[in-house]
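Written out below as structure tokens is the structure these notes cover.
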Amino acid sequence: MQAKVKAWIEAMRLRTLPVSCAGVIAGTACAIAADGFQLLPALICLLFAIIAQIASNFANEYYDYKGGLDRKGREGFRRGVTEGDISPQAMKRATYLLLAIDSLLGCSLICWGGWWLIGVGVAVALFAVGYSTGPYPLSHHGLGDVAVVIFFGVVPVMLTAYLQVGSWADWPVTLPVSIAVGMLGANVLIVNNYRDADDDRAVGKHTTVVIFGRKAMSTVYLIGGIIAVALVIYAFRSLLSPWWLMGAGVVLAAHLSIYRRIVRSRGAALNPLLGMTAMLLLVFSLLMIVAAATR
């Protein structure tokens, strides 16, 4: 029983969950800056984002197994379905059960945003599954990075702020922040695909790292992090204290340090660096809360 629970926890890929949290936290920071903070919709958005990401992780595991894209003993996160810890049918049921629960949870946000949010919820559900399967799986055709920028950056940041503030009036702040969060979220995917490049190439899975190579995408990782920090500084320029700028400097220094370790690492050694990249995004989003709350 304990081994089974551990397998399900591993399938959630807890190291990646800070990415879904960061978008909502950053959106809440934008709402605080606009004097529109509301706790309940912020918490619902946070729970919705976490469940959606877990469902996407489950779908990725199930459909990669079904498509023969995984092998036993891979360098990345342990794949419970491929290793025989979880049955394919159980993983598929869990995926769609979570999507159903998330859909019901998302419907509660209609109280703050209106019925048009149903369309957004449908798009999120399609992304959660379409990332790994369907007629044109995004993760197999070099589109995963773009999808992450949209669905882990632009969508959660802008919608979380909108649902609390009640308008799009603060878009000059929320848009650059959302792009910054999306770029840092894409960096997590870059590390994941950097680690798996050889396995992905062998099975015909065309991630951006497979298409452009490790050197090019590690450079994208480096530049993307720098641009992201610059975008947030620009968006929050009227709120920033010298102490906050020092914090942003620490984040940037950590980003550079992780980059240097990435280019020197291969295989399982990249797993902790993936977690560090995700945690750095979470820390940076919390710094945005500090900037907005202490202005």
Side-chain angles (χ1 to χ4, degrees), residues 13 15-20 22-23 53 56-57 60-61 63-64 67 69-71 74-77 79 127 130-132 136-155 176 178-232 251-285:
R13 304 181 198 172
R15 286 179 180 172
T16 69
L17 295 187
V19 179
S20 56
Q53 186 175 356
S56 182
N57 290 342
N60 179 250
E61 182 156 339
Y63 286 107
D64 276 6
L69 301 179
D70 277 339
R71 62 176 177 80
R74 66 194 296 275
E75 296 284 4
F77 299 107
R79 298 284 185 127
F127 161 72
Y131 179 82
S132 305
Y136 201 78
L138 300 175
S139 64
H140 302 180
H141 296 91
L143 294 175
D145 307 65
V146 175
V148 167
V149 171
I150 295 171
F151 286 98
F152 286 93
V154 176
V155 170
S178 70
I179 294 171
V181 171
M183 293 175 72
L184 291 172
N187 272 355
V188 177
L189 182 62
I190 288 173
V191 180
N192 183 82
N193 294 339
Y194 192 97
R195 179 199 62 211
D196 294 343
D198 295 334
D199 289 340
D200 290 340
R201 186 179 295 108
V203 297
K205 185 176 179 180
H206 299 105
T207 65
T208 51
V209 179
V210 170
I211 295 169
F212 299 109
R214 283 191 170 98
K215 183 176 181 180
M217 291 311 295
S218 63
T219 302
V220 171
Y221 176 100
L222 173 63
I223 296 173
I226 295 170
I227 292 174
V229 173
L231 282 172
V232 173
V251 168
L252 190 56
H255 170 71
L256 296 174
S257 176
I258 295 170
Y259 161 76
R260 286 194 292 268
R261 291 180 62 183
I262 287 171
V263 297
R264 297 196 302 264
S265 302
R266 288 292 185 275
L270 287 157
N271 287 337
L273 301 179
L274 185 152
M276 290 178 192
T277 301
M279 286 303 299
L280 192 63
L281 170 54
L282 180 61
V283 169
F284 196 41
S285 65

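All values derive from a computational prediction rather than experimental measurement.
Shown here for Gly144 and Tyr131, the closest heavy-atom pair between the two residues is CA-CE1, 3.7 Å. Residue Val210 comes nearest to Ala197 through the heavy atom pair CG2-O, 3.7 Å, listed as atom of the first residue, atom of the second, then distance. The nearest pair of heavy atoms linking Val181 to Ala22 is CG1-C, 4.4 Å. Closest heavy-atom contact between Tyr194 and Val209: N-CG2, 3.7 Å. Between Ala180 and Ala228, the closest heavy-atom pair is CB-O, 3.4 Å. Taking both residues in full, the closest heavy atoms of Ala147 and Leu138 are given as CB-CD1, 3.8 Å, listed atom of the first, atom of the second, then distance.
Arg214 CZ to Asn193 CG: the interatomic distance, rounded to the nearest 0.5 Å, is 10.5 Å. To the nearest 0.5 angstrom, Thr277 atom OG1 is 12.5 Å from Leu282 atom CG. Residue Leu280 holds its CG atom at 10.0 Å from OG of Ser285, rounded to the nearest 0.5 Å. In this structure, Leu184 CG and Ile179 CD1 are separated by 12.0 Å, a value rounded to the nearest 0.5 Å. Between His141 atom NE2 and Thr208 atom OG1 the span is 13.5 Å, to the nearest 0.5 Å. Expressed to the nearest 0.5 Å, how far CG of Asp145 lies from CE of Met183 amounts to 11.0 Å.
Proximity of Asn187 to His255: side-chain heavy atoms (C-beta onward) are separated by under 4.5 Å at one or more points. Between Arg261 and Leu270, every side-chain heavy-atom pair lies at or beyond the 4.5 Å cut-off. The shortest side-chain heavy-atom distance between Asp196 and Thr207 does not fall under the 4.5 Å cut-off. Residues His140 and Asp64 form a side-chain contact, since some pair of their non-hydrogen atoms from C-beta on lies under 4.5 Å apart. Within the 4.5 Å cutoff, the side chain of Arg195 has no heavy atoms near those of the Leu273 side chain. Within the 4.5 Å cutoff, the side chain of Phe212 has no heavy atoms near those of the Val220 side chain. Taking 4.5 Å as the limit, some side-chain heavy atom of Ile258 sits within range of a side-chain heavy atom of Ile262. For the pair Gln53 and Arg13, the minimum side-chain heavy-atom distance is 4.5 Å or more.
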Margin query: Run the side chain to side chain contact (heavy atoms under 4.5 Å, CB included) test on Leu281 and Val19 for me, step by step, so that the C-alpha distance in whole Å, both residues' side-chain angles and the decisive distance to 0.1 Å come before the verdict.
Written below: CA-CA 7 Å; Leu281 170 54; Val19 179; 4.2 Å; yes
Could you check Phe127 against Val155 for side chain to side chain contact (heavy atoms under 4.5 Å, CB included), going step by step and ending with a plain yes or no? CA-CA 12 Å; Phe127 161 72; Val155 170; over 6 Å; no
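Remark: the backbone N or O of Gly204 is paired with a side-chain donor or acceptor of His206 at under 3.5 angstrom. Using modelled atom types, no side-chain atom of Arg15 and backbone atom of Ala278 make a donor-acceptor pair closer than 3.5 Å.
Ring pair Tyr259/Tyr221 is parallel by interplanar angle, where below 30° counts as parallel and above 60° as perpendicular.
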